[in-house]
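Input: one structure, supplied below.
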There are 2 protein chains.
Amino acid sequence: MVEAKLGRPRSEATRHAILRAAAGLVDEIGYANITTTAIATRAGAGKQTIYRWWRAKSSVIADAVVEGYLRLPSADVAVTGSLEDDLKAWLHVTVQVMNDAATGPMVRALAAAASDDAAQATALWDHLTGPLHRDLLNRLERGQHAGQLSAAVDSAAIADALLGTVLFRLLAQAPNPARLDGIVDAVLGASRPAG
Amino acid sequence: MVEAKLGRPRSEATRHAILRAAAGLVDEIGYANITTTAIATRAGAGKQTIYRWWRAKSSVIADAVVEGYLRLPSADVAVTGSLEDDLKAWLHVTVQVMNDAATGPMVRALAAAASDDAAQATALWDHLTGPLHRDLLNRLERGQHAGQLSAAVDSAAIADALLGTVLFRLLAQAPNPARLDGIVDAVLGASRPAG
DNA sequence: CGCATTACGAGACGGAGTGTCTCGATAGTC
DNA sequence: GACTATCGAGACACTCCGTCTCGTAATGCG
């Protein structure tokens with residue numbers, strides 16, 4: 001990890017251009033159709049410059065995600081009076097967003113791309129789902145402070161379950177929204193006050 | 001869908017050999033490293049025979065899943081007195097199984113393979129996770145009959161959430177088992193009797 | 001049986017893409 | 001100015017996909 005002191009230094013501008021080109025291509029033509037040549041051309045870089053710094057194409061795109069060049073479109077978790085309503089609304093909107101033409105294929109492809117490298121996969125999912133998880137957690141903890149949710153439950157675990165549900169639907173491409181409300185009902189406690 | 005009546009009929013043995021070869025190769029060298037030539041060679045078939053009946057390599061492998069040549073290793077859901085304990089035990093074992101050397105990469109690769117075709121993806125995930133979902137649902141409904149779980153909650157939704165959690169961990173390759181118990185706690189109702 | 005028809009195994013083939021290699025030029029350090 | 005590593009550009013060998021072409025095998029019809 002020691003930087004070389006001799007010779008021409010690595011161009012940070014080129015690095016940025018490559019990651020930016022990769023991210024743009026994922027958006028425009030989809031992960032599966034991207035070629036290294038296309039990334040290089042769009043970035044105004046040579047192919048060797050890519051392979052000098054990344055092991056493979058998938059690594060470039062994974063890096064683009066990890067460094068924030070590609071983000072999942074996220075829906076804000078509303079804060080109205082009802083935790084239950086807010087979570088249900090978030091679930092429906094998020095499932096809808098994930099099922100749109102661009103997002104679903106991208107996430108599925110990235111999941112496959114990261115499957116080579118466990119460390120990379122962890123970093124990638126962390127960056128993709130981290131913001132969503134954080135938003136959910138904030139709302140849940142606010143609900144706990146407001147007494148809408150028992151302080152004894154593990155709110156991070158609930159956020160896991162909700163995100164897991166969204167991802168499951170994303171992978172299975174089953175846009176049936178029928179059970180989404182049921183999940184929130186179950187997660188908030190079966191014996192909540194009747195609504 | 002009308003079968004031809006003239007000429008040599010399609011060999012069911014060859015069809016079986018091709019699907020069997022594809023399934024074996026997924027296990028042995030992983031989805032990403034499979035070539036159509038390798039499938040054909042291993043099956044003792046010609047490449048043209050594959051392309052005569054399947055559109056692409058991913059279709060062959062998806063078919064192998066749908067027809068049961070590839071299965072997710074499943075852990076039985078125990079039936080002891082405690083629904084809570086049974087679900088926690090199942091979650092831990094299942095996450096452990098999914099994290100083993102062969103299963104994780106296979107599922108991730110299949111997720112990518114199915115991303116081409118929405119209808120195929122639904123069928124594929126149905127066959128992969130269907131048995132697990134059914135087992136969970138059985139145990140949950142049994143718990144509802146035994147009064148361990150409110151009859152009002154959507155047990156299928158709970159099964160979704162538990163499976164979603166497992167898949168999320170599988171994709172993110174985060175083997176941290178800490179929150180698993182918390183998910184069961186949350187899902188079974190925050191206000192259950194203290195344990 | 002002979003003929004038409006379709007599937008079969010085998011493998012050659014063109015096209016596309018990957019990752020390596022080479023080139024002359026460039027941007028730093030000493 | 002010498003040295004060294006990176007730069008853009010693109011040629012290159014290699015692998016793989018999916019198509020095409022063989023000669024052969026299996027089935028129904030006359």
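Chain identifiers are assigned alphabetically (A, B, ...) following the order of the sequence lines, protein sequences preceding nucleic acid strands; residue numbering begins at 1 within each chain.
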Practice task
Considering non-hydrogen atoms only, spot the tightest contact between B:Leu91 and B:Leu180 and give its length.
Solution key: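 The answer is CD1-O, 3.6 Å.
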Handout entry: Side-chain (B:Asp86) to main-chain (B:Thr80) donor-acceptor, under 3.5 angstrom
Key =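 Yes: the side chain of B:Asp86 pairs with the backbone of B:Thr80.
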Completion exercise
Each nucleotide of nucleotides 10-22 of chain D classed B (base within 4.0 Å of a protein heavy atom), S (only sugar-phosphate) or -, in 5' to 3' order, makes ------SBBBB--
Problem - OP1 or OP2 of C:dA7 under 4.0 Å from side-chain N/O of B:Thr14 - result: no
Handout entry: Whether A:His16 and A:Tyr69 hold their rings parallel, tilted or perpendicular, with breakpoints at 30° and 60°
Key = tilted
Handout entry: Distance below 4.0 Å between B:Thr49 side-chain N/O and C:dG9 OP1 or OP2
Key =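 True: B:Thr49 side-chain N/O within range (under 4.0 Å) of C:dG9 OP1/OP2.
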Exercise for the section: Measure from CZ on B:Arg52 to C1' on C:dG11 and round the result to the nearest Å. Expected result: 14 Å
Handout entry: Residue pair A:Asp160 / B:Thr165, side-chain donor-acceptor N/O under 3.5 Å
Key = no
Handout entry: Results of salt bridge (Lys or Arg N to Asp or Glu O under 4.0 Å) for B:Arg15 - residues two or more places apart only
Key = B:Glu12, B:Glu67
Practice task
Please work out if B:Trp54 contacts a base, only the sugar-phosphate, or nothing of the nucleic acid, heavy-atom cut-off 4.0 Å.
Solution key: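 The answer is nothing, as B:Trp54 stays clear of every strand by at least 4.0 Å.
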Exercise for the section: If a protein heavy atom is under 4.0 Å from the base, mark B; if only from the sugar-phosphate, S; if neither, -; do that for nucleotides 24-30 of chain C going 5' to 3'. Expected result: --BBBS-
Practice task
Report yes if at least one side-chain N or O of B:Trp53 is closer than 4.0 Å to OP1 or OP2 of C:dC8; otherwise report no.
Solution key: yes
Practice task
Compare side-chain N and O positions of A:Ser11 against OP1 and OP2 of D:dT6 and report whether any pair is under 4.0 Å apart.
Solution key: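 Answer no for this pair, as no side-chain N or O of A:Ser11 is under 4.0 Å from OP1 or OP2.
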Problem - Interatomic spacing from CD1 in A:Ile158 to CG in A:Leu149 - rounded to 0.5 Å - result: 5.0 Å
Exercise for the section: Determine the minimum heavy-atom distance between A:Ile50 and A:Ile18, stating which atoms define it. Expected result: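 Smallest heavy-atom distance, with atoms named: CG1-CD1, 3.9 Å.
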Handout entry: Length of the line joining B:Ile50:CD1 and C:dC8:P, which is rounded to integer Å
Key =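 For the pair B:Ile50 CD1 and C:dC8 P, the rounded distance is 11 Å.
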Problem - A:Trp54 six-ring centre to A:Arg10 NZ/CZ under 6.0 Å and within 45° of normal - result: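 Yes.
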Practice task
Please report the shortest heavy-atom distance between B:Glu84 and B:Val184, naming the atom on each side.
Solution key: O-CG1, 3.9 Å
Problem - Length of the CD1-P vector between B:Ile39 and C:dG9, whole Å - result: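 Atom-to-atom, B:Ile39 to C:dG9, this comes out as 14 Å.
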Practice task
May I ask you to evaluate whether B:Arg10 reaches the phosphate of C:dT6, defined as a side-chain N or O under 4.0 Å from OP1 or OP2?
Solution key: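 False: B:Arg10 side-chain N/O out of range (4.0 Å or more) of C:dT6 OP1/OP2.
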Handout entry: Length of the line joining A:Ile18:CD1 and D:dT6:C1', which is rounded to integer Å
Key =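 After rounding, the reported distance stands at 12 Å.
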